[in-house]
Protein chains: 2
Amino acid sequence: MLQNKLQVPRISDAVAASLERRILEGSLKPGDRLPPERELAVELGVSRPSLREAIQKLASKGMVQSRQGGGTYVTDRLESSFFDPWQEMMGAHPNLREDMLEFRRMLEGQAAEWAAERATDADMTRIDQTFLALNEAFVSDDLDNRSKADIAFHQAVGEASHNALLGHLTAALLRLMHDNIRLNLGELKTLPAAGVLLKNQHAAIHAAIRDRKPQAARAAAETHIDFVRETLAQSLRSAARRETAARRLNTEFSPSDSHTS
Amino acid sequence: MLQNKLQVPRISDAVAASLERRILEGSLKPGDRLPPERELAVELGVSRPSLREAIQKLASKGMVQSRQGGGTYVTDRLESSFFDPWQEMMGAHPNLREDMLEFRRMLEGQAAEWAAERATDADMTRIDQTFLALNEAFVSDDLDNRSKADIAFHQAVGEASHNALLGHLTAALLRLMHDNIRLNLGELKTLPAAGVLLKNQHAAIHAAIRDRKPQAARAAAETHIDFVRETLAQSLRSAARRETAARRLNTEFSPSDSHTS
DNA sequence: TTGGTAAATTGGTCAAACCAATATGTTGCG
DNA sequence: CGCAACATATTGGTTTGACCAATTTACCAA
């Protein structure tokens, strides 16, 4: 009924592909400036709006960046996050973060509950191992390792729930969130005392699963997420405060905005 | 020297973000058709070229798809990216179906609970509409319409939960399952009496949400899934029986087909 | 040399028009 | 009455031309 017919090729797509090819071939290197739109349009034999649509496509992929009056520059596409669709969503719509944490609360609570009910000996061993590794990683300051260990632990729990979707989704969401946090917030160093609390929470989850106490496991997992959620919110608030403070400092040179709070 | 300066906001970016938000919020659902560019441009108060640039951005992200003369339609890269791989899995490993139903039990239970708590008047209206449509569709024998109405109802509930992930996932899973069922099982005609039961279950969910009874809504949703799960299992068992019987008949003609390479 | 201002450059936006593919309604034939 | 063929309207695709705003560049004066 709908998009069954084959698509008519769009000029903007062809142009975008052409430019993309030039970038990938290396004839347009990162940092290079594209010819002015008017010139480039003539050179490519298309109208300026068509060229602009193509440029917007590339810009949305993060391959180029335009500045009014300045020009259009090729960016280093390795720096931009060209990952999951959700990844960009999270960046663009921070309110999704709250949705995701709420969702994770349900997900990990259920995973812990089922894991406590269903984990085999092999699952248990794996959970033990990842739990120990997590504790080790927490004493170091290597945030990358901490992330990996964290993901591994939760994934082990998720897989011990013996539900394929639950396992994959917990892992995927956790990975997504870690990437996103590291990306948007830089680090979580703002919470120095949180480490020991997190450790205790993980220990509670681990213990409840090992002792085959489903409800306790669910409660522990939910408490864990609640804590992460609250901590993250605080951290984001303080980051926002720092940013406004910095902005205030910058504008201090032009003394018109008095009445600071 | 280059992109340090802060960017001037582009209209096309704002428009793209606006449309993207509508899609994520669910007011523009996958398969929906956008208003014509000329209308939409007026509605948003921008020129058509600007709107087009925004649409191209979304198109390059795979969120919309345009056909000359046909219109612009919302795709859903989020759902497909999460579950395209799952589609094949389901075919290859039927035991995943059980996992999925178990997962859906949790998902839809939570969705119903939150919907009962959080649904706005608009959500309620939509749930009412889809519920009525579902009842109408059930009297007919058009299985495709029944599927669509079923999906629409559950999706309305999922979106009324006001959690983007939950909304998209319920819809995606339901769609996945319906495709899969229709694919693997042909039809569900094996359950003639199930119709009225399903109808009652949907009515229970609908009533609980309308009456703002979260726990009742969750229970009703879980009961619904339990019934579907049980019915489906029965239906599969009988199908398997038919198949073995048929196989037995077939092999009767050529006895001893064993070990040939 | 330094500083600022004017001009040129360049991306951003808009308007109007036309083309081409699609969708829709209508007519006429069987 | 049903259906196919055609005519019309709708809708995305493209172009032209113009103007605005931010940036860069050139130039001139102190």
Side-chain angles (χ1 to χ4, degrees), chain A residues 1-20 22-23 28 30-75 250 253-254, chain B residues 1-19 22-23 28 30-75:
Chain A
M1 203 74 140
L2 47 160
Q3 70 271 33
N4 298 336
K5 312 289 182 177
L6 73 144
Q7 293 279 20
V8 170
R10 273 163 296 214
I11 284 196
S12 57
D13 282 330
V15 171
S18 164
L19 292 178
E20 193 172 327
R22 291 196 200 182
I23 292 176
L28 284 175
D32 279 1
R33 179 172 148 176
L34 294 186
E37 292 184 351
R38 293 166 177 80
E39 284 183 24
L40 196 50
V42 173
E43 178 186 328
L44 294 173
V46 301
S47 69
R48 200 171 149 227
S50 295
L51 171 63
R52 278 187 59 80
E53 287 184 2
I55 290 180
Q56 299 298 332
K57 277 181 209 284
L58 296 184
S60 82
K61 285 204 240 176
M63 301 188 65
V64 300
Q65 203 167 353
S66 301
R67 265 171 34 249
Q68 179 173 173
T72 301
Y73 293 83
V74 178
T75 64
N250 281 337
F253 293 94
S254 60
Chain B
M1 204 57 168
L2 48 160
Q3 70 272 34
N4 297 335
K5 311 290 182 176
L6 82 135
Q7 293 277 21
V8 168
R10 272 164 296 214
I11 283 195
S12 57
D13 283 329
V15 171
S18 165
L19 293 177
R22 291 195 199 183
I23 293 176
L28 283 176
D32 278 2
R33 179 169 149 179
L34 292 187
E37 292 184 350
R38 295 165 177 81
E39 283 182 25
L40 195 52
V42 172
E43 179 185 327
L44 295 173
V46 302
S47 70
R48 199 169 154 228
S50 296
L51 171 62
R52 277 187 59 81
E53 288 186 2
I55 290 180
Q56 299 299 330
K57 277 182 212 284
L58 295 184
S60 82
K61 286 204 233 178
M63 302 190 63
V64 300
Q65 204 168 349
S66 302
R67 265 175 30 252
Q68 180 173 351
T72 301
Y73 293 82
V74 178
T75 62

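We name chains A, B, ... by the order of the sequence lines, and we start the count at 1 in each one. Keep in mind it's a predicted model, so treat the numbers as computed, not measured.
- For the side chain to side chain donor-acceptor pair (under 3.5 Å) test, no residue two or more places apart in sequence or in another chain qualifies with B:R22.
- To the nearest 0.5 Å, atoms CG (B:L58) and OG (B:S66) are separated by 9.5 Å.
- Among residues two or more places apart in sequence or in another chain, the side chain to side chain contact (heavy atoms under 4.5 Å, CB included) test is passed with A:R33 by A:Y73.
- B:R38 is linked by a salt bridge (Lys or Arg N to Asp or Glu O under 4.0 Å) to nothing, counting only residues two or more places apart in sequence or in another chain.
- Checking D:dG12, D:dG13, D:dT23 against the side-chain heavy atoms of B:T72 singles out D:dG12 as nearest.
- Note on B:R67: every side-chain N or O is 4.0 Å or more away from OP1 and OP2 of D:dG13.
- Map A:I55 and B:G70 each onto its nearest nucleotide of DNA chain C; the residue landing nearer the 5' end is A:I55.
- If you take CZ of A:R52 and C1' of D:dG13, they are 17 Å apart, rounded to a whole angstrom.
- Between the CD atom of A:E53 and the P atom of D:dT14 there is a distance of 7 Å, given to the nearest Å.
- Summarising the geometry, the separation between CZ on A:R10 and P on D:dT11 is reported as 18 Å, rounded to the nearest angstrom.
- Considering only residues two or more places apart in sequence or on other chains, A:S12 meets the side chain to side chain donor-acceptor pair (under 3.5 Å) condition with none of them.
- Per the geometry, CG belonging to B:L40 stands 13 Å off P belonging to D:dG13, to the nearest Å.
- Between the C1' atom of C:dA20 and the CD atom of B:E37 lies a distance of 14 Å, rounded to the nearest Å.
- With sequence neighbours excluded, the residues satisfying side chain to side chain donor-acceptor pair (under 3.5 Å) with A:S50 are A:S47.
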Could you list all N or O pairs between the protein and nucleotides 15-21 of chain D that sit under 3.5 Å apart?
from, atom 1, to, atom 2, distance (Å)
D:dT15, OP2, A:S47, N, 3.2
D:dT15, OP2, A:S47, OG, 2.9
D:dT15, OP2, A:S50, OG, 2.6
D:dA18, N6, A:R48, NH1, 3.3
D:dA21, O4', A:Q68, OE1, 3.4
D:dA21, N3, A:Q68, OE1, 3.1

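- Rounded to a whole Å, the NZ atom of A:K57 is 11 Å from the C1' atom of D:dG13.
- Between A:Q65 atom CD and D:dT23 atom P the separation is 13 Å, expressed in whole Å.
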